[in-house]
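Just below is one structure, and these are the notes that go with it.
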Amino acid sequence: MRLSLGVTGHRETNAAFAANRARIAATLAAIFAAIDTVVASEPQLLGPGSVAPTRLHSLLVDGLDQMAATQALERGWDLVAPLPFGRVLNTAINAHPQSAAEMRFLLTGEGSCSDTTRAHAAAINRLEDRALRFELADADAAIAELFLAKTAAPHDVRQAQAYAAHASERVALATQVLIEQSDFIVAVWDAATTSYIGGTGHTIALALDKGAPVVWIDARAPEKWRILYAPESLAGIMAGVTVHADRNEALAKLVRDALQPLPGKKHHGAAPPTNLLHSLDTERWRPRSNPFWHAYRRVEALFGADDMKGRFRNLTQTYESPDAISAGSAASQMAAARALDGQDPEYATRIETDVLRRFAWADGISARLSDVYRGGMTLNFMLSALAIVGGIVYLPFGADKRPFAVFELTLLTAIVVIILIGQRRRWHERWFETRRVAEYLRHAPILQLLGVSRPAGRWPRGSETSWPEWYARHALRDVGLPRIAISPAYLRGALENLLRDHVVRQREYHRAKARRLSQAHHRLDRLSQVMFVLALTAVASYLVLIFVSPVFAARSSKVFTVLGVMLPTLAGAIAGVRFFGDFERFSAISEVTAEKLDAVAGRIDLLLSAPASAIDYARVSELAHAADEIVVSEIENWQSVFGGKHIAVPV
């Protein structure tokens, strides 16, 4: 677990920044010191040494970015630089060359350059050497050409506008990466405008829109810093700066909220979130599913499969262990990741060990808990029906009631035992929690390899607990950005061999699931209706017999009594299983998810068929975000269906 910050602010040429530089530096240092104090006081939730050094994300341009980066390194923080261009071009542009000759020198080392420009380039390089660099270099050739044209014709407005438009888009992409990787943003801004794409005001507005709070240091009055929480706070910001007396506590709360799991939306205080976090430690790995708990999946197979072989197939699952996943189901994914152009082998290994292994663990645990919880409840519905039938089936035979009463009591006791154990061991809650962890991590390697992440303010929050989101977020944050220069070949490889493959596989999974669950729902519905009709027929037949053959009716009354109780009881149990399983709603969720994924797959195919120059980071990252939104939306819909179905008496 670690705190991750982003910084944005004015360059040295900004009048307010230049006039108050020393005061801004002092205020920034005080804020960083306050952050360090809170981080140091936080409990080691994951064991001794589990709080890693704070991580600062900065574009490293002159002014506030370099000031903050220097202070961060002095504090022993990690420095990460999401650069809008490749390193060489980024240095060349931000060194402010005064001529095309200076630009060519910075790009190629040929020719000469002024001492001032060299000094600017050296300052950037010193920080870049100490930072983990994530370089958006896929458009470097086009941007370099535009910059050279602008520099060669300093009075050509069209050349200047063309360069500014394209360069601003690249800076905006880098700031988006910075925001997504940060818990909150520290910004120095003069509150002049938010209109310039990639500028400080625009970055602040984008951060607030994505749910990331902003610690705003007014460049005109640095000591009057404040915290902004929503985009609407910018609407009245020019009316005057209001300094809140509790701003230091508010800053401490930002840090604590990032480092500690929060209560769920409907948390009732039964167990602190930090205690629930450790529930993952106590989970016991089992290599295979237990047939005793297969009732739910057997119902799904019996009524959802297309043939007899599918209905009566062996349902025992062998869970893929964390040790086996990289050579098993994730082998092709990891091979594609390692084959990406310029890939850092160490980063690919971290994806394997820190993401895929955690996914395998959570997925195996959750699959077992799913069987126990859903299988237990399905079994309870069946046992409750059998208990009622077993309690009266002695009637036609004139047998002693006592053995049947013992049978009924045994089944009812079994139901109570299953309920008590399920509630005590939190089957429902543990299944929910571990499944959320697994689903967040399932597609995370692809996002990580593209430097794409869900902003801190956009993570869902569970109704009862939110530690699964906290755990997944910190697991992915710990891996962080890859040390890579993104190239067109890298993007094509990631798009074609990773993102498309994942989207298509998930689409086909949800299509098959939607069809299977829809069939199960309708077949269960028909069976319960048939049984109810049979019950109605049995009772009606008895009433007719009373008038037609009173003697026979009297002799068979106990048989008709059993049928009149047994058939609607079984029909009710089947309807209860159908209601509990919510096959129809889950089918609809999977159908909608499949349609959304199909649309993304179509967009990916269109992009892959376009010229190589059209496959840029903006388009690829947008497709990755679209896939992520679909996954999270499916998780939220799934939670809304099963969230309230705790293990309880099956009536």
Side-chain angles (χ1 to χ4, degrees), residues 290-303 312 371-425 427-428 520-521 523-546 549-583 645-651:
N290 186 340
F292 182 80
W293 301 111
H294 285 177
Y296 176 87
R297 289 198 289 119
R298 179 56 70 190
V299 168
E300 186 179 311
L302 282 172
F303 294 92
F312 293 98
D371 275 356
V372 173
Y373 160 65
R374 296 197 289 185
M377 277 300 295
T378 303
L379 188 61
N380 276 354
F381 277 106
M382 295 295 100
L383 290 177
S384 66
L386 291 176
I388 295 172
V389 173
I392 64 166
V393 77
Y394 73 94
L395 289 174
F397 308 106
D400 185 1
K401 176 180 173 67
R402 286 174 294 182
F404 294 89
V406 171
F407 175 78
E408 182 178 5
L409 179 63
T410 301
L411 296 189
L412 293 175
T413 302
I415 292 172
V416 173
V417 169
I418 290 174
I419 291 171
L420 292 177
I421 294 176
Q423 291 176 344
R424 182 172 181 178
R425 296 188 179 179
W427 286 346
H428 174 267
H521 170 83
R523 288 170 178 172
L524 284 167
D525 197 33
R526 283 200 300 270
L527 180 59
S528 63
Q529 288 176 6
V530 167
M531 284 190 165
F532 191 81
V533 170
L534 289 175
L536 184 65
T537 302
V539 175
S541 298
Y542 173 71
L543 293 174
V544 170
L545 282 174
I546 291 176
S549 178
V551 175
F552 181 76
R555 290 175 180 175
S556 59
S557 63
K558 292 182 179 180
V559 172
F560 280 105
T561 298
V562 171
L563 290 175
V565 173
M566 179 179 70
L567 290 172
T569 297
L570 292 175
I574 292 168
V577 170
R578 177 176 58 79
F579 171 77
F580 168 76
D582 249 322
F583 299 102
K645 296 189 177 184
H646 297 271
I647 191 160
V649 178
V651 293

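A quick note: this is a predicted structure, and the numbers were derived from the prediction, not measured.
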To the nearest 0.5 Å, what is the distance between CD1 (Ile418) and OG1 (Thr413)? 11.0 Å

When rounded to the nearest 0.5 angstrom, what is the spacing between CG in Leu411 and CG in Leu386? 6.5 Å

What are the two closest heavy atoms between Phe583 and Val577, and how far apart are they? CE1-O, 3.9 Å

A side-chain contact here means heavy atoms from C-beta on lying under 4.5 Å apart; do Arg298 and Thr378 qualify? no

I'd like to know whether the aromatic ring centres of Phe381 and Tyr296 sit less than 6.0 Å apart in this structure. no

More than 12 non-hydrogen atoms from neighbouring residues, nucleotides or ligands closer than 6.0 Å to CZ on Phe532, yes or no? no

How long is the gap from CZ on Arg526 to CZ on Arg523, to the nearest 0.5 Å? 7.0 Å

Atom pairs and distances, side-chain donor-acceptor, residues 537-546, under 3.5 Å, sequence neighbours left out:
residue	atom	partner	partner atom	Å
Thr537	OG1	Val533	O	2.8
Ser541	OG	Thr537	O	2.6

Would you say that Phe580 contacts Arg374 through its side chain, given a criterion of any heavy-atom pair below 4.5 Å between the two side chains? yes

Work out which heavy atom in Pro568 is nearest to a heavy atom in Gly564; give both atom names and the distance. CG-O, 2.9 Å

Between Gln423 and Ile419, is any pair of side-chain heavy atoms under 4.5 Å apart? yes

Output the distance between atom CG (Leu524) and atom CD (Glu300), rounded to the nearest 0.5 Å. 10.0 Å

Tell me the closest heavy-atom pair linking Ala385 and Ala573, and the distance in Å. CB-CB, 3.6 Å

Are side-chain heavy atoms of Met566 and Val393 found at a separation under 4.5 Å? no

Side-chain heavy atoms of Asn290 within contact of Val372, under 4.5 Å: no

Phe404 vs Tyr394 aromatic rings, parallel, tilted or perpendicular, using cut-offs 30° and 60°? tilted

Inter-residue atom distance Thr410.OG1 - Ile415.CD1, 0.5 Å rounding: 11.0 Å

With rounding to the nearest 0.5 Å, note down the distance linking CD1 in Ile574 to CE in Met382. 6.0 Å

